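All figures in this text were calculated on a predicted structure; none of them were measured in a lab. Every number for a ligand or one of its atoms is a count from 1 in the order of the listing.
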Amino acid sequence: MEEFRMSGETPVIDLTDVSFGYTTTPVVEDISLRIDSGEYVAVVGPNGSGKSTLMKLMLGLLQPDAGSARLFGQPSHAFDDGARIGYVAQHASASKEMPITVREVVKMGRFPHVGVGRLSQEDWDIVDRALDTVGMTAFANRRVTQLSGGQRQRAFIARALAGEADLLVLDEPTVGVDAESVEAFYDLLSALNEQGITILLIEHDLGAVTEHAARVVCLNRGIYFDGPTDEFIESNALGRAFGTATAIGGVQ
Ligand code: ADP
């Protein structure tokens, strides 16, 4: 999609002819996908269509069987500047979090920058600014286990901001989050994207996708659609990805 490319700039994510299978059967096949700095991209597709696998390939957590995966210009599996990437997992996995406070979670974002050293006043200022940006200052001393789903997800975004991440990767971040908080959450993502942070969203909720992401990648082993969101809505790519005529509300 030529209109998404800014020539000369290193892409944030660059997959070329990537295939991967956990067994001999490929789960993703022949994927070529480039995401540039500042984009807001959603990956959608039915359950088991390879979304999580694709994300792991992008981030270097899995290596392609064929093709190449690059992250910020380096081979993804060799990429070692984790602070540039903020990852927000599904709410469901948060139950395994340690009973530490919001501020302690956000402070972790500074660890790649300070190593084993103590946080300076400047680091703490960055932590406080991140808390403020996500509207969590009032909850700074509350344990993350005592937050609502939406608040917890904002705390994890604050951790990424404290780490000065320039790529946010979110895997169905609002599963189990109440509708009002979901809206606030996506408003926050849009505001961060306007500030230049690249957003990669893996999402079931097509309402959220079509309202917020500028570009949609529709996946079912291969790419069924990659382009602007309004064209995606008109394309019936989702129906083709499912192999049936499927209404937008029917995605799993
Ligand atoms: P999605 O995120 O779209 O639901 P996944 O990438 O999780 O899809 O899964 C794609 C396919 O790969 C599915 O058939 C799933 O069962 C399979 N799969 C996922 N993870 C593993 C794994 N660790 N080992 C074997 N098969 C896996």
Quiz item: Hey, does Gly48 come in under 3.5 Å of ligand 1, counting only N/O atoms on both sides?
Solution: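 N/O-N/O distance under 3.5 Å: yes.
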With no hydrogens and no angle check, just 3.5 Å: does a side-chain donor-acceptor pair link [X] and [Y]?
X      : Y      : answer
Ser120 : Asp123 : yes
Asp17  : Ser32  : yes
Tyr40  : Thr198 : no

Exercise. Using side-chain contact (heavy atoms from CB on, under 4.5 Å) as the criterion, point out the one residue from Leu59, Val27, Ile31 that pairs with Leu54.
Key: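 Only one option passes, and that is Ile31.
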Protein heavy-atom partner closest to [atom] - residue, atom, separation in Å:
atom                    : answer
atom 6 (O) of ligand 1  : Thr53 OG1, 2.5 Å
atom 11 (C) of ligand 1 : Val27 CG1, 3.5 Å
atom 18 (N) of ligand 1 : Tyr22 CE1, 3.4 Å
atom 7 (O) of ligand 1  : Ser52 CB, 3.7 Å

Practice problem: Number the atoms of ligand 1 from 1 as they appear, then name those within less than 4.0 Å of a heavy atom of Ser49, with their elements. | Solution: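 Checking each atom against Ser49, I get 1 (P), 3 (O), 8 (O).
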Self-check item: Atoms in ligand 1 with a heavy atom of Pro46 nearer than 4.0 Å
Solution: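 Counting atoms of ligand 1 from 1, those under 4.0 Å from Pro46 are 3 (O).
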Quiz item: Taking C-beta and beyond as the side chain, do Phe20 and Glu29 meet within less than 4.5 Å on heavy atoms?
Solution: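 The answer is no; the side chains never approach within 4.5 Å.
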Quiz prompt | Gly50 near ligand 1 by a heavy-atom separation under 4.0 Å | solution =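 Contact check Gly50 vs ligand 1: positive.
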Quiz item: With a 4.0 Å cut-off, would you call Asp14 and Arg34 a salt bridge?
Solution: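 Arg34 and Asp14: not salt-bridged.
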Quiz prompt | Under 3.5 Å donor-acceptor, Arg152 side chain and Leu147 backbone | solution =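 Between the backbone of Leu147 and the side chain of Arg152 there is a qualifying donor-acceptor contact (under 3.5 Å).
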Quiz item: Would a search of protein heavy atoms around atom 16 (O) of ligand 1 find one under 4.0 Å away?
Solution: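 No, no protein heavy atom sits under 4.0 Å from atom 16 (O) of ligand 1.
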Quiz item: Heavy atoms of the protein only: does one fall short of 4.0 Å from atom 21 (C) of ligand 1?
Solution: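 Yes.
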